[in-house]
Amino acid sequence: MAEQRKSFPFSEFEPKWQGHWESKKTFSVPNPGEPGFDASKPKFYVLDMFPYPSGSGLHVGHPEGYTATDIITRYRRMKGDNVLHPMGWDAFGLPAEEHARKTGEHPRINTENNVNNFRGQLKRLGFAYDWDREVNTTDPDYVRWTQWIFLQLYHSYYDETTQKARPISELEAKGLSRDEIDAKRLAYVAEAPVNWCPDLGTVLANEEVEEWRSKGHTVERRPLKQWMLRITAYAQRLIDELDGLNWPEGIKLLQKNWIGRSEGAEVDFSIGGEKVTVFTTRPDTLFGATYMVLAPEHPLVDKITTTAQKEAVEAYRKACSAKSDLERTELAKEKSGVFTGGTATNPVNGEEIPVWIADYVMMSYGTGAIMAVPAHDERDFEFAKQYGIPVIEVVKAPEGNTETCFTGNGTAIHSGFLDGLSTPEAKAKIIAWLGEKGLGKKTINFKLRDWLFSRQRYWGEPFPIIWKDGRHEAIAESELPLLAPELEDYKPSGSPEPILSKATAWVDLGNGVTRETNTMPQWAGSCWYYLRYCDARNTDRFMSREAEDYWLGKNGKPGGVDLYVGGTEHAVLHLLYARFWHKVLFDLGHVGTPEPFQKLVNQGLILGEDGQKMSKSRGNVVNPDDVVAEYGADSLRLYEMFMGPLEQVKPWSMKGVEGVYRFLARVWRLVMESNQEDVWVLNAKLAEVDPDKATDKVVHATIKKVGEDIEDMSFNTAISQMMVCTNELTKLEQVPVSSVLLLLKALNPFAPHLTEELNATLAASFASVDKTDLANQPWPAYDPAKLIEDEVEIVVQVNGKVRDKMFVANGAPNEEVEKLALASDKVKSFIEGLTVRKVIVVPGRLVNVVAN
RNA sequence: GUCGGCGUGGCGGAAUGGUAGACGCAGCGGACUUAAAAUCCGCUUGGAGCGAUCCAGUGCGGGUUCGAGUCCCGCCGCCGACACCA
């Protein structure tokens with residue numbers, strides 16, 4: 001290919017137009033109050049999930065979503081919107097630091113190189129980003145506001161009555177003690193069992209463990225003092241407020257399940273005078289409780305264990321603590337547990353039931369203790385069977401049930417005053433009864449845990465916190481950003497002591513005052529970057545009120561960003577964390593919308609040619625740079641969109657790239673042809689003539705379909721329609737310039753370089769052609785009158801099977817169409833000997849003759 | 001195990017309940033060329049037939065309907081997420 005002549009000179013005009021857009025700032029969009037801002041235009045905020053600038057550069061998965069949003073951006077601009085379409089870098093993170101550890105080079109250098117590489121790659125794809133708004137989470141200017149937001153969390157608590165974050169100062173005014181206040185902050189310190197990874201020298205969030213483990217690192221459980229964010233306070237709102245969002249239902253469900261709301265009751269049992277509270281979703285089965293289980297870590301275990309059982313209990317607890325959560329579930333095939341020797345009193349009937357510890361009960365969920373009802377809970381049933389514990393049936397299953405352990409709704413039996421009640425009635429009654437006696441209450445529990453927010457690494461935002469007399473304290477906002485000091489080396493110490501503690505001069509502020517040495521996780525920067533884009537260079541505030549009001553508001557919807565496109569891998573964590581931060585900022589009055597992202601679309605994974613996930617080890621990775629070099633950026637863009645529906649998983653095909661490349665070459669040759677000297681000259685077939693009816697029809701049908709398909713994000717079918725249109729125009733002896741121009745406008749959002757080049761060429765040769773860049777021209781309107789045919793083809797069916805086709809005048813009355821159909825020889829031959837029962841006419845489409 | 005998504009030619013994929021397979025790839029035939037590449041034209045779901053045509057066909061089995069890839073019920077398979085959450 002290298003020596004072979006290209007089908008069109010993309011390598012010349014693509015860089016040319018990219019330079020043109022950059023120097024003319026074609027896609028820069030001013031903010032309210034800035035020169036050139038047009039308040040009369042509607043706003044549209046199109047956002048890509050910004051990349052982590054890895055050392056290996058862009059892969060073909062990136063341009064998939066980016067091209068989709070780029071097409072929307074260019075289309076909406078042509079439709080007259082003010083479009084905000086920015087790009088930036090999620091540049092903190094472990095790999096840069098691992099690189100620093102190996103090479104001794106500061107992570108900033110490595111990150112900068114990678115960012116430059118990524119930016120260059122994106123620019124070579126011709127994306128319509130407003131590069132003036134580029135953000136980088138590692139920039140001091142950005143870190144400053146990430147830390148500022150952290151301080152907002154630190155200085156706030158969640159007010160249960162109003163269900164809103166409020167300033168800590170309100171608690172101070174109420175006279176709460178320092179300890180009471182610290183226990184309520186949205187950002188707080190807690191001793192928690194965490195996932196410690198010795199080789200990385202950091203603690204990982206539960207969600208991150210699997211990723212690093214699969215990369216060969218070991219992760220162990222340890223109790224450590226950590227910063228936590230009180231996301232659980234927002235659990236209910238994070239579920240409820242999904243309702244107003246235009247997200248895929250599957251993703252909403254994923255988030256709801258992750259948050260894991262369940263309604264039930266807390267019930268107090270007593271163990272030798274000591275109160276133990278259990279959580280259950282089935283308080284109606286209280287009479288069927290035949291034993292109790294405490295989590296091995298439960299604080300009461302020591303108190304209740306009898307001397308005889310002490311040894312067994314200790315051994316079991318030790319074995320459990322060595323296991324991570326993951327191992328606990330991996331080994332979940334078989335239940336295990338140990339009897340403590342103690343018994344608990346069931347509050348409904350005074351029965352004494354044995355108390356066990358077992359690792360199928362988690363300390364971190366509910367109260368860390370359960371009442372076990374083996375007759376109606378599969379886990380309890382399994383456990384009871386294994387240890388020979390009695391099973392008492394207290395819910396009668398409906399007729400026909402065959403399960404040995406019935407967990408559904410039925411009728412209460414053997415349950416005293418609940419007998420005869422349906423499960424929901426029994427639940428309500430027992431809860432009321434427990435309430436009266438002060439033995440329990442209705443409770444809602446969530447699976448969601450608070451967010452472990454500290455890391456022990458270097459390449460992240462330091463906490464804007466100092467320690468004085470064993471207490472934490474925020475530094476002043478005026479001291480932000482607080483940047484990490486330079487270090488001699490970046491090796492983790494192997495102990496959970498954060499790397500920053502090596503910088504003793506930075507840490508030690510004298511008089512026993514020290515800096516917090518933990519850093520924030522990578523999620524921090526990505527939690528609010530979409531806000532910073534609105535006003536990326538603001539030095540006074542994370543964004544101005546005016547910018548916030550314009551770009552995130554104005555359309556009465558809960559979400560500020562109009563369209564957010566990215567991979568499903570962020571379906572839960574990133575999107576949940578960002579929603580949480582956004583809600584805190586909303587509660588405190590810093591943003592005006594309750595949700596960050598109104599519409600969410602997940603692009604599907606692109607597989608290698610072999611149908612396998614792309615990976616270096618499989619050798620099936622496609623590098624976008626190679627594709628651009630061989631076929632051009634427009635071909636890559638177009639192929640990414642032509643492969644199939646955006647949200648679908650689909651394999652790459654170089655032959656497919658060639659296909660769209662050939663299509664673009666055909667478009668090129670509509671305008672250009674090569675002369676005897678092999679020089680591209682204007683195609684002699686072009687003429688400023690009126691198109692014939694058929695040509696008009698296909699061109700206008702194309703404008704209509706492409707516009708509709710872009711709005712539906714059905715880019716593949718839009719492209720196929722443009723192929724049809726191009727094929728029709730190619731066939732013509734005389735090609736009307738006006739028709740070609742309309743095609744170029746429709747194609748412009750997809751293949752901006754080629755179409756701008758051809759438009760400029762046409763403008764230079766034909767007086768009727770507007771010299772304005774297509775990017776700055778309006779989207780063409782189609783003429784519905786041109787889509788109407790004089791005659792339409794009607795399908796004639798007999799008993800639902802196609803037997804004939806005929807042309808009838810458009811708008812012919814049904815009776816006439818029916819008559820024509822029945823007159824068809826083919827129809828006659830198929831209904832011979834049968835009685836026509838019914839004739840169905842679908843105007844303009846078909847006739848179905850029903851006969852038997 | 002639970003939840004979600006998907007099953008259509010050799011391949012990627014199109015089809016408001018109304019002609020299944022648009023468009024592209026691959027393949028076959030032809031034109032141009034000394035030849036090839038590029039380009040252009042035609043064919044291309046399977047089966048039967050010289051042919052006009054006919055029969056079958058959207059994972060499998062039922063159902064609703066004049067008519068089902070599309071709607072309903074029950075299975076099977078693949079992919080993804082979660083996974084003892086009381």
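Just so we're on the same page: letters track the sequence lines, and every chain starts at 1. Just the heavy atoms: all of them, side chains too, but no hydrogens, waters or symmetry mates, feed the values below.
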What is the separation between atom [atom1] on [X] and atom [atom2] on [N], rounded to the nearest whole Å?
| X | N | atom1 | atom2 | value |
| --- | --- | --- | --- | --- |
| A/K256 | B/rC82 | NZ | P | 19 Å |
| A/L607 | B/rC11 | CG | P | 16 Å |
| A/F381 | B/rC84 | CZ | P | 20 Å |
| A/I719 | B/rC25 | CD1 | P | 13 Å |
| A/D678 | B/rU39 | CG | C1' | 13 Å |
| A/F750 | B/rC23 | CZ | C1' | 13 Å |
| A/I370 | B/rC84 | CD1 | C1' | 10 Å |
| A/K385 | B/rC84 | NZ | P | 19 Å |

When you compare [N] with [M], how far apart are their [atom1] atoms, in angstrom units rounded to a whole number?
| N | M | atom1 | result |
| --- | --- | --- | --- |
| B/rC28 | B/rU2 | P | 49 Å |
| B/rC78 | B/rG67 | P | 35 Å |
| B/rA81 | B/rG29 | C1' | 50 Å |
| B/rG10 | B/rG46 | C1' | 13 Å |
| B/rA37 | B/rA26 | P | 13 Å |
| B/rG5 | B/rG9 | P | 22 Å |
| B/rG47 | B/rC11 | C1' | 22 Å |

Rounded to the nearest 0.5 Å, how far apart are [atom1] of [X] and [atom2] of [Y]?
| X | Y | atom1 | atom2 | answer |
| --- | --- | --- | --- | --- |
| A/T281 | A/N445 | OG1 | CG | 10.0 Å |
| A/E609 | A/W652 | CD | CH2 | 8.5 Å |
| A/E658 | A/S7 | CD | OG | 9.5 Å |
| A/I392 | A/H376 | CD1 | NE2 | 9.5 Å |
| A/K427 | A/E263 | NZ | CD | 8.5 Å |
| A/L286 | A/L434 | CG | CG | 6.0 Å |

Using a 4.0 Å heavy-atom cut-off, does [X] contact any base of the nucleic acid, only the sugar-phosphate backbone, or nothing at all?
| X | result |
| --- | --- |
| A/F830 | sugar-phosphate |
| A/E647 | nothing |
| A/K801 | sugar-phosphate |
| A/R803 | sugar-phosphate |

Tell me which of A/F446 and A/E658 sits closer to the 5' end of RNA chain B, going by the nucleotide each one is nearest to.
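So the residue in question is A/E658.
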
First of A/N257 and A/L846 reached from the 5' end of RNA chain B, by closest nucleotide
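Counting from the 5' end, the first nearest nucleotide belongs to A/N257.
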
When you measure from the side chain of A/N799 to the backbone of A/A851, do you find a donor-acceptor pair of N or O atoms at a distance under 3.5 Å?
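Judged by distance alone, yes, a pair lies under 3.5 Å.
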
Using atom types as modelled and distance alone, determine if a side-chain donor or acceptor of A/K819 lies under 3.5 Å from a backbone N or O of A/V817.
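Answer holds: no.
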
Just one of A/W258, A/W451, A/Y234 clears the ring pair (Phe, Tyr, Trp, His ring centres under 6.0 Å) bar with A/Y577, so which one?
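It is A/W451, the one option of A/W258, A/W451, A/Y234 that forms the ring pair (Phe, Tyr, Trp, His ring centres under 6.0 Å) with A/Y577.
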
Is the distance between the ring centroids of A/F10 and A/W668 under 6.0 Å?
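No, the ring of A/W668 stays outside the 6.0 Å limit from the ring of A/F10, centre to centre.
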
Is the ring centre of A/F383 less than 6.0 Å from the ring centre of A/Y291?
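Centroid separation for A/F383 and A/Y291: below 6.0 Å.
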
For nucleotides 69-74 of chain B, give me every protein contact, N/O to N/O, under 3.5 Å, one pair per line with atom names.
none

Residues from residues 721-735 of chain A lying under 4.0 Å of RNA chain B - heavy atoms:
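Listed by number, they are A/M723, A/V724, A/N727.
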
For A/R803 and A/Q797, test the side chains for any donor-to-acceptor distance below 3.5 angstrom and give the result as yes or no.
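Absent: no donor and acceptor within the cut-off.
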
Can you give me the closest heavy-atom contact between A/L638 and A/I719, atom names plus distance?
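It is O-CD1, 3.6 Å.
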
For A/S336 and A/Y316, which heavy atoms make the closest approach, and how far apart are they?
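For A/S336 and A/Y316, the tightest heavy-atom pair comes out as OG-OH, 2.8 Å.
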
Output field dot_bracket for RNA chain B (Watson-Crick or G-U, both distances under 3.5 Å, | for other-strand pairs) contains (((((((..(((.....[....))).(((((.......))))).((((....))))..(((((..]....))))))))))))....

Between the base of B/rC11 and the side chain of A/K655, is there a donor-acceptor distance below 3.5 Å?
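Between B/rC11 and A/K655, which were checked side chain against base, a qualifying N/O pair under 3.5 Å is absent.
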
If the test is side-chain hydrogen bond (donor to acceptor under 3.5 Å, both in side chains), which one of A/T367, A/T443, A/D268 qualifies with A/T277?
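Only one of A/T367, A/T443, A/D268 forms a side-chain hydrogen bond (donor to acceptor under 3.5 Å, both in side chains) with A/T277, namely A/D268.
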
So does A/K685 have more than 12 non-hydrogen atoms from other groups sitting under 6.0 Å from NZ?
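Yes, the 6.0 Å shell around NZ holds more than 12 heavy atoms from other groups.
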
Anti or syn - B/rG46, cut at 90° from 0
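B/rG46: anti glycosidic orientation.
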
Check whether any side-chain heavy atom of A/I353 sits under 4.5 Å from a side-chain heavy atom of A/M371, and report yes or no.
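When only atoms from C-beta onward are counted, A/M371 and A/I353 do not touch, as no gap falls below 4.5 Å.
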
Show me the pairs that pass side chain to side chain donor-acceptor pair (under 3.5 Å) and involve residues 715-727 of chain A, at least two apart or across chains.
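Sorted result for residues 715-727 of chain A: A/R666-A/N727, A/T702-A/Q721, A/D709-A/T717.
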
Does OP1 or OP2 of B/rC11 have a side-chain N or O of A/S653 closer than 4.0 Å?
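Checking A/S653 against B/rC11: no side-chain N or O falls below 4.0 Å of OP1 or OP2.
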
Examine B/rA26: is either OP1 or OP2 under 4.0 Å from a nitrogen or oxygen in the side chain of A/R662? Give yes or no.
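Checking A/R662 against B/rA26: at least one side-chain N or O falls below 4.0 Å of OP1 or OP2.
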
At a cut-off of 3.5 Å, list every protein nitrogen or oxygen paired with a nitrogen or oxygen from nucleotides 63-68 of chain B, distance to 0.1 Å.
residue: B/rC66; atom: O2'; partner: A/N848; partner atom: ND2; Å: 3.3
residue: B/rC66; atom: O2; partner: A/N848; partner atom: ND2; Å: 2.6

Base-contact (B) and sugar-phosphate-only (S) positions in nucleotides 12-17 of chain B, heavy-atom cut-off under 4.0 Å, - elsewhere:
BSSSB-

